[in-house]
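A short write-up of the structure that comes next.
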Amino acid sequence: MSKLFEPFTIRDVEFKNRIVMSPMCMYSSHNEDGMIEDWHKTHYTTRAVGQVGLIIVEATAVQPAGRISAQDLGIWSDDHIDGLAEVVRLMQQHGAKTGIQLAHAGRKATVDGDIYAPSAIAFDDKYKTPVEMTKDDIKTTVQAFKEGAIRAKKAGFDVIELHGAHGYLINEFLSPLSNKRTDEYGGSAENRYRLLRETIDEVRTVWEGPLFVRLSANDYIDGGMTPEAYVEMAKWMKEQGVDLIDVSSGAVVPAAIDAFPGYQVKFSETIKVGANILTGAVGMITTGIQAEEILKNDRADMILLARELLRDPYWAYTAAKELRVEIQSPKQYERGWMF
Ligand SMILES: Cc1cc2nc3c(=O)[nH]c(=O)nc-3n(C[C@H](O)[C@H](O)[C@H](O)COP(=O)(O)O)c2cc1C
């Protein structure tokens, strides 16, 4: 029996399989207003027709200053709800569960005006130097994540993921390489975790559904975060009601990464075993057999694919064929299936 195609439930939300579309920025809000456009409707719905179990909509900014680019999707205003609700409806029509990644780009924002981070240190010489956040700024940003969660709920999403990876704001607080604060938001692991702790607590006051956090489990630099260091934080997340850690890595500081098939899977395994929490594995996973190996060896509970689902929106059918599993297809295809 294939585990990849086994239904899977978290907090009453049943996913028809363990295939997840990893969040991917489409940089397609062309009016720079964070709004859903035709592209998003076509792009996400296609993967739903392709039988992906859970589709996580790209990094969506909770504040305009927290956009990676001016073309990012936004959720900082009630005006964003209708467009997102439409994408949710389209995806759900085909049996996909829907997630959204709530994000703040921190010092990696490339928008006009001031950008914000735990410490006034630029990512590298191509990025702006951020303003060090005051405690009021922190409070406002935590509230923005909460308001984003309220809007995501109104739009009908099944899952919320907090973007704590890839060197964006939450990740910048977690890593000692980017967080040089001397107040209660910097220094010890407890202090660096405080912004995420407050964000999770606030989100949990308005969101009862599955909550994921994406982490960069390895900074790939001496003195930076490691999968083992994240085990401790993952335990705290679990206590706070986080359901799954989506385990990515890197990008909090410039570092060379040796990326090879499954290169982040062992980080997922370390966190899954160490913190006894559900995890998702991501990164150069491209075949059904590879996905099956990860799941059956208990190295992760869900499989996220990014670029492979750009290449092949119907990857689920490809993997089913490879694993000799018969899967449901849209009823419009069923006649064709007989021939
Ligand atoms: C076009 C593109 C956009 C991406 N945008 C995001 C994003 O919005 N949020 C995120 O957490 N990761 C983002 N990523 C990273 C992917 O989600 C994924 O972690 C990474 O590509 C590794 O998986 P893969 O080897 O299956 O592509 C992006 C990747 C690509 C290729």
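All values reported here derive from a predicted model rather than from experimental measurement. In what follows, residues are counted from 1 in the order of the sequence shown. Only this structure's heavy atoms are used, side chains among them; waters, hydrogens and symmetry mates stay out.
The list of salt bridge (charged side-chain N to carboxylate O under 4.0 Å, His left out) pairs with a residue in residues 32-47, not counting sequence neighbours, is empty.
Closest approach of I56 to Y44, counting heavy atoms only: O-CE2, 4.4 Å. Contact record, M91 with V57: CE-CG2, 3.8 Å, taken as the closest heavy-atom pair. Nearest heavy-atom pair, I271 versus V231, reported as atom, atom and distance to 0.1 Å: CA-CG2, 4.1 Å. The heavy-atom pair separating Y230 from N171 by the smallest distance is OH-ND2, 3.7 Å. Nearest heavy atom pair, residue W315 against residue T287, reads CZ2-C, 3.6 Å. Across all non-hydrogen atoms, the minimal contact from A229 to M225 is CB-CE, 3.8 Å.
Look at K272 and D301 and you find a salt bridge, because one of the NZ, NE, NH1 or NH2 atoms lies within 4.0 Å of a carboxylate O, short of that distance. Under the 4.0 Å criterion applied to side-chain N and carboxylate O atoms, E190 and R197 are not assigned as salt-bridge partners. The pair K331-E334 does not meet the salt-bridge criterion, since no charged nitrogen lies less than 4.0 angstrom from a carboxylate oxygen. Between R194 and D183, none of the side-chain N atoms (NZ, or NE/NH1/NH2) sits under 4.0 Å from a carboxylate O, so this pair counts as no salt bridge.
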**OP:** For side chain to side chain contact (heavy atoms under 4.5 Å, CB included), just list the numbers for M233 and L215, CA-CA rounded to whole Å, side-chain angles, deciding distance to a tenth of an Å, and then say yes or no.
**Re:** CA-CA 10 Å; M233 290 187 179; L215 294 176; 5.9 Å; no

**OP:** Give the intermediate values and the outcome of side chain to side chain contact (heavy atoms under 4.5 Å, CB included) for residues F267 and T226.
**Re:** CA-CA 9 Å; F267 308 150; T226 60; over 6 Å; no

**OP:** Verify side chain to side chain contact (heavy atoms under 4.5 Å, CB included) between I36 and E86, making sure each step is shown before the conclusion.
**Re:** CA-CA 9 Å; I36 287 285; E86 173 68 355; 5.8 Å; no

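Classified by interplanar angle (parallel below 30°, tilted 30° to 60°, perpendicular above 60°), the ring pair Y168/H163 is perpendicular. Taking the six-membered ring for Trp and thresholds of 30 and 60 degrees, W39 and H43 have nearly parallel ring planes, at less than 30 degrees apart. Note: W76 and H80 have perpendicular aromatic rings, judged against thresholds of 30 and 60 degrees for the angle between ring planes.
No donor-acceptor contact under 3.5 angstrom links the side chains of E269 and N297, judged on distance only. There is a side-chain donor-acceptor pair under 3.5 Å between S2 and E292. Using a 3.5 Å distance cut-off with no hydrogens or angles, the side chains of D137 and T134 do pair a donor with an acceptor. Checking E172 against Y116 by side-chain atom types alone, no donor-acceptor pair falls below 3.5 Å. Side-chain contact, S28 with H40: no donor N or O sits under 3.5 Å from an acceptor N or O. For the residue pair S249 and Q264, a side-chain donor N or O sits within less than 3.5 Å of a side-chain acceptor on the partner.
The CG atom of N179 lies 7.0 Å from the CZ atom of R181; values are rounded to the nearest 0.5 Å. Put simply, CZ on F8 and CD1 on I19 are 13.5 Å apart, with the number rounded to the nearest 0.5 Å. Residue L4 holds its CG atom at 6.0 Å from CG of N17, rounded to the nearest 0.5 Å. Going from atom CD1 of I68 over to atom OG1 of T60 covers 9.5 Å, rounded to the nearest 0.5 Å. Atom CD of residue Q63 and atom OG1 of residue T140 lie 7.0 Å apart, to the nearest 0.5 angstrom. In this structure, I150 CD1 and Q143 CD are separated by 8.5 Å, a value rounded to the nearest 0.5 Å.
V13 and V52 are not part of a single hydrophobic cluster, where members link through side-chain heavy atoms under 4.5 Å apart. M237 and L195 fall within a single hydrophobic cluster, where Ile, Leu, Val, Met, Phe, Trp and Tyr side chains are chained together by heavy-atom contacts under 4.5 Å. At a threshold of 4.5 Å between side-chain heavy atoms, the hydrophobic network of Ile, Leu, Val, Met, Phe, Trp and Tyr places F212 and I277 in two separate groups. Cluster membership for V265 and L295, using ILVMFWY side-chain heavy atoms within less than 4.5 angstrom, is shared. I200 and L244 fall into different hydrophobic clusters, defined by Ile, Leu, Val, Met, Phe, Trp and Tyr side-chain heavy atoms under 4.5 Å apart, directly or through other members.
Under the 6.0 Å distance and 45° angle rule, K97 does not count as a cation-pi partner of F15.
Counting only distance, with no hydrogens or angles, the side chain of S216 and the backbone of G250 share a donor-acceptor pair below 3.5 Å. Looking only at distances, no side-chain donor or acceptor of K108 sits under 3.5 Å from a matching main-chain atom of Y127.
Between Q328 and F5, the closest side-chain pair of non-hydrogen atoms is not below 4.5 Å. Put simply, the side chain of P118 does not reach to within 4.5 Å of the side chain of Y185, judged on heavy atoms. Side chains of L84 and R151 form no contact here, defined as non-hydrogen atoms less than 4.5 Å apart. Using a 4.5 Å heavy-atom cutoff, the side chains of L196 and W236 are not in contact. Taking the side chain as every heavy atom from C-beta outward, Y263 and D258 never approach each other to under 4.5 Å. Between I170 and H104 there is no side-chain heavy-atom pair separated by less than 4.5 Å. In this structure the side chain of R89 never reaches within 4.5 angstrom of the side chain of T98, judged on heavy atoms. No side-chain heavy atom of H94 sits less than 4.5 Å from a side-chain heavy atom of Q51.
Applying the side chain to side chain donor-acceptor pair (under 3.5 Å) test to E208 and every residue at least two apart in sequence or in another chain returns K153.
Side-chain contacts under 4.5 Å among hydrophobic residues (ILVMFWY), followed directly or transitively, place V253 together with L177, I221, V252.
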